[in-house]
Amino acid sequence: MSDEKAQRKLPTLESLVTLCKRRGFIFQSSEIYGGYAGFFDYGPLGAELKKNIKDAWWRAMVHERDEIVGIDSTIIMHPEIWRASGHVEGFNDPMVDCRESKKRYRADQLFFSPVKVDGNVIGYVSVEESGTMQAEAGEKANELKRKQAVQGTLEAIELKEYTEASPEEYALIPSPATGKPGSLTPPRQFNLMFETQVGPLADASSKSYLRPETAQGIFQNFKNVVDTGRVKIPFGIAQIGKAFRNEITPRNFIFRSREFEQMEIEYFIDPDEETWPRVYQEWIETCKQWLYSIGIPEDMVGEDVHPQEKLSHYSKGTTDLTFTFPFGTQELWGIACRGNFDLGQHQKHSGKSMEFFDEARKEKYIPHVVEPSLGVDRTLLAVLTAAYCEDEVPNDKGVPETRTVLKFHPSIAPFKAAVFPLLKNKEELVGTARELYRKLQRRWNVAWDVGGAIGRRYRRQDEIGTPFCITIDFDTIEKDQTVTIRDRDTTEQVRIHLDEVEAWLSERIYA
RNA sequence: GCGGGCGUAGUUUAAUGGUAGAACUCCAGCCUUCCAAGCUGGUCGUGGGAGUUCGAUUCUCCCCGCCCGCACCA
């Protein structure tokens, strides 16, 4: 496995961006107006690919499972939902910049204290939040006293959050990085939720938000699904939809954008302590298997288990499935055990019971939840990264030429097959090819190409990841009704009878 | 948000204070019996805005976007 990984040649991000533009997968949004950072549009092929990924997920997670149902909730929801979920608070981290060291701190993780000697303030110290920050601050205070050669008794350091500093103190508090006062900015708000207003009057009471995650649409409908969906614990609710985050720095193409699409499941389970670890592990495995099923190689997928101390207070465990992107190994799929935090919060804020009556146990409880959360755009980028391949194929003169191929799994390829008449100026070839094309089109998205030499058409299809190219030649119409089917990855051809094409494709597309 | 670099057609690139040129791609036609062949023709460009100038793609400023690093990522 590690050998395979070492040999795998990752494409550069640039080569992916260029190909996506050239072949109509992904365009920068608002390009004719100079672009708009953090927003991307999907072109004809990208839209197909994205839809195929979503369909594959929905089929595997909803249709092929008895205990998961789907919903489709609104993007704009009651603003109280975001207070209950913690996003109004948590998405509003005040940040502090150090002008000198160019470092940035979260204001609630930066602490300061005046240094007092015999009741006189001789200066300030600051430290970053840590287990040893009290001792650290004490040392810095001692040093300050020594430097200033002040005599007297150093008073106890009382650390306070930087957010509690007064405007006058901002100028006196040193940066932890430089130790010099006056280089820190006041705390500034970074609101990561997009705001909007509902109704034509823009005032405080009309303020609303574009959802920063689809999950709350699920929690918010928990009672509705329980009351109407004939579900029993354990069961899941799935949703695919757009979400919006005002990222400070959108980067890495579609990896982190401001408008993106999520595929999320909230999987509701028994709150006892035995259930969640088992379900959690099952989900990690299920998610991995699904990634493999759409053609993502096992050696490009990793696990990042969050250490206990980094978990939020309500979380019992979080594991990220990671992927080796051109810009590094990054989070793809987050699987989190969120306990009953979300439903509990909504019960508290809405005043409506979120309890579930468990027939088997004859008791009521707020279910706990395991949340596998996956980004559609990130998955698409992972698929592109894994599929991109440059190899060498001899041209008609036998000279090797570079060939760019997207080796998509047939089930998600934008076109499942392409149909060509060998020559476009022979009516019989074109007519027969057209018939086959029409027939296959009823079942799949199929490409049609008559332009230029046959080799060019093959290469074009290679670049957009069409797994099979079917060519109608003179044998088809004059001899035995056979066609050639050329394989994208090997460039090898087989001849099969015209009537067998559909079954032949079907076997390989759904394999 | 900070620092650095960059911005000429879809792509790669040339040139200039005075008509922006090419190759490949793409489109059309001819030709072509299986891997980007050939011939003919065609479309498409100086990121946007101000300023200096008789004249700016070129010089200056602002904005936008992209890339790299830092920071951020509930």
Side-chain angles (χ1 to χ4, degrees), chain A residues 12-15 17-24 27-39 43 82 85-93 95-106 108-109 177 185 188 190-193 212-213 215 245-253 255-256 310-315 318 320 327 330-331 334 336 392-404 420-426 429 451-463 469-479 483-488 490-493 495:
Chain A
T12 62
L13 187 60
E14 196 194 353
S15 61
V17 173
T18 304
L19 178 62
C20 283
K21 169 94 192 270
R22 181 156 38 102
R23 291 303 186 186
F27 307 120
Q28 194 183 16
S29 170
S30 315
E31 202 180 71
I32 59 169
Y33 290 97
Y36 207 35
F39 297 93
W82 306 111
S85 69
H87 285 84
V88 171
E89 281 292 306
F91 251 42
N92 272 295
D93 295 332
M95 307 298 293
V96 178
D97 288 307
C98 170
R99 295 185 191 94
E100 198 131 327
S101 68
K102 305 299 175 198
K103 286 212 157 154
R104 167 172 291 171
Y105 306 94
R106 269 177 58 176
D108 59 349
Q109 291 175 357
T185 64
R188 292 182 287 195
F190 286 76
N191 191 344
L192 297 191
M193 274 204 291
E213 61 172 33
R245 294 179 196 181
N246 230 333
E247 297 290 351
I248 298 165
T249 312
R251 232 178 246 196
N252 291 330
F253 198 31
F255 181 81
R256 177 175 290 119
K310 274 183 72 183
L311 298 175
S312 5
H313 63 278
Y314 51 80
S315 179
T318 297
D320 289 337
F327 41 83
Q330 298 274 331
E331 174 191 347
E392 296 218 318
V393 166
N395 64 14
D396 67 335
K397 295 181 190 70
V399 182
E401 281 187 345
T402 301
R403 179 180 79 127
T404 303
F420 311 146
L422 181 60
L423 301 174
K424 78 164 162 184
N425 57 356
K426 296 286 186 294
L429 292 175
I454 190 81
R456 175 177 298 274
R457 285 179 266 167
Y458 285 147
R459 297 297 179 83
R460 240 196 308 254
Q461 295 301 324
D462 289 341
E463 261 199 3
C469 292
I470 303 154
T471 303
I472 308 302
D473 62 13
F474 290 94
D475 281 5
T476 319
I477 55 172
E478 289 169 359
K479 200 171 137 198
V483 300
T484 63
I485 303 186
R486 180 261 197 187
D487 183 273
R488 173 195 66 200
T490 63
T491 76
E492 279 162 14
Q493 296 182 0
R495 285 204 83 93

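Side chains are part of it too, since the values below use all heavy atoms of this structure and drop only hydrogens, waters and symmetry mates. Chain identifiers are assigned alphabetically (A, B, ...) following the order of the sequence lines, protein sequences preceding nucleic acid strands; residue numbering begins at 1 within each chain.
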*Can you name the side chain to side chain contact (heavy atoms under 4.5 Å, CB included) partners of A/Ala336, sequence neighbours left out?*
A/Thr318, A/Arg338

*If you measure from the C1' atom in B/U19 to the same atom in B/U11, how many Å do you get, rounded?*
25 Å

*Do any side-chain nitrogens or oxygens of A/Gln28 fall under 4.0 Å of OP1 or OP2 in B/G65?*
no

*Roughly how far apart, to the nearest Å, are B/G51 and B/C44 at atom C1'?*
30 Å

*Between B/U53 and B/A36 - C1' atom distance, rounded Å*: 48 Å

*asked:* Using the ring centroid of each side chain, check whether A/Phe253 and A/Phe327 are separated by less than 6.0 Å.
replied: no

*Contacts of type side chain to side chain donor-acceptor pair (under 3.5 Å), residue A/Thr484, not counting sequence neighbours*: none

_If you define the side chain from C-beta out and look only at heavy atoms, does anything of A/Thr491 sit under 4.5 Å from A/Arg459?_
no

*Between B/A14 and B/A20, how far apart are the C1' atoms? Round to whole Å, please.*
9 Å

*Identity of whatever pairs with B/C30 - Watson-Crick or G-U, under 3.5 angstrom*: B/G38

*Name the pairing partner of B/C6, where a pair is Watson-Crick or G-U wobble with both distances under 3.5 Å, or state none.*
B/G65

*Between A/Arg459 (CZ) and B/A37 (P), how many Å, whole number?*
9 Å

Please produce a list of atom pairs where a protein N or O lies less than 3.5 Å from an N or O of nucleotides 43-49 of chain B.
none

_A/Leu422 backbone acceptor or donor facing A/Arg457 side chain under 3.5 Å_ = yes

*Less than 3.5 Å between a donor and an acceptor, one on the side chain of A/Thr18 and one on the base of B/G10, is that the case here?*
no

_Nucleotide B/U11, atom C1' - distance to CZ of A/Phe27 in whole Å_ = 14 Å

*Protein-nucleotide distance (A/Glu401, atom CD; B/C35, atom C1'), rounded to Å*: 9 Å

*Using whole Å, report how far CG of A/Leu13 lies from P of B/C68.*
7 Å

*Look at all strands and tell whether A/Glu463 reaches a base, only sugar-phosphate, or nothing, counting heavy atoms closer than 4.0 Å.*
base

*Spacing between A/Glu392 atom CD and B/C35 atom P, to the nearest angstrom*: 17 Å

*Nearest-angstrom distance from the residue atom CG of A/Asn246 to P of B/G1*: 11 Å

*Span that lies between the P atom of B/U25 and that of B/C63, in whole angstrom*: 41 Å

*In the strands shown, is B/U46 matched to any nucleotide by a Watson-Crick or G-U wobble pair with both distances under 3.5 Å, and which?*
none

*Check the distance between B/C72's P and A/Asn252's CG and give it to me in whole angstrom.*
16 Å

*Contacts of type side chain to side chain donor-acceptor pair (under 3.5 Å), residue A/Asp487, not counting sequence neighbours*: A/Thr490

*Could I get the full list of ring pair (Phe, Tyr, Trp, His ring centres under 6.0 Å) partners for A/Phe39, not counting sequence neighbours?*
A/Tyr36

*Return the set of residues passing salt bridge (charged side-chain N to carboxylate O under 4.0 Å, His left out) with A/Asp462 (not counting sequence neighbours), or none when no residue passes.*
A/Arg403, A/Arg486

*Same-atom distance (C1') from B/C59 to B/U40, integer angstrom*: 43 Å

*asked:* Looking at A/Glu14, I'd like to know if its CD atom is crowded, meaning that more than 12 non-hydrogen atoms belonging to other residues, nucleotides or ligands lie closer than 6.0 Å.
replied: no

*Under the side chain to side chain donor-acceptor pair (under 3.5 Å) test, which residues partner A/Thr12, sequence neighbours left out?*
A/Ser15

*Quick one: look up who B/G1 pairs with, Watson-Crick or G-U, both distances under 3.5 Å, and put none if it's unpaired.*
B/C70

*Could you tell me which residues satisfy side chain to side chain donor-acceptor pair (under 3.5 Å) with A/Thr404, sequence neighbours excluded, listed by chain and number?*
none

*Toward the 5' end of RNA chain B, which comes first, A/Glu213 or A/Pro394, by nearest nucleotide?*
A/Pro394

*Specify the separation, in whole Å, of atom CZ of A/Phe327 and atom P of B/G69.*
12 Å

*asked:* Rounding to an integer number of angstrom, what distance separates B/G10 and B/U43 when you compare their C1' atoms?
replied: 12 Å

_Watson-Crick or G-U wobble partner of B/U52, both distances under 3.5 Å_ = none

*Which value, in whole Å, describes the distance between the C1' atoms of nucleotides B/G65 and B/G47?*
7 Å

*Mark up nucleotides 23-34 of chain B, 5' to 3', with B wherever a protein heavy atom is under 4.0 angstrom from a base atom, S wherever such an atom reaches only the sugar-phosphate, and - elsewhere.*
--SS--S-BBBB

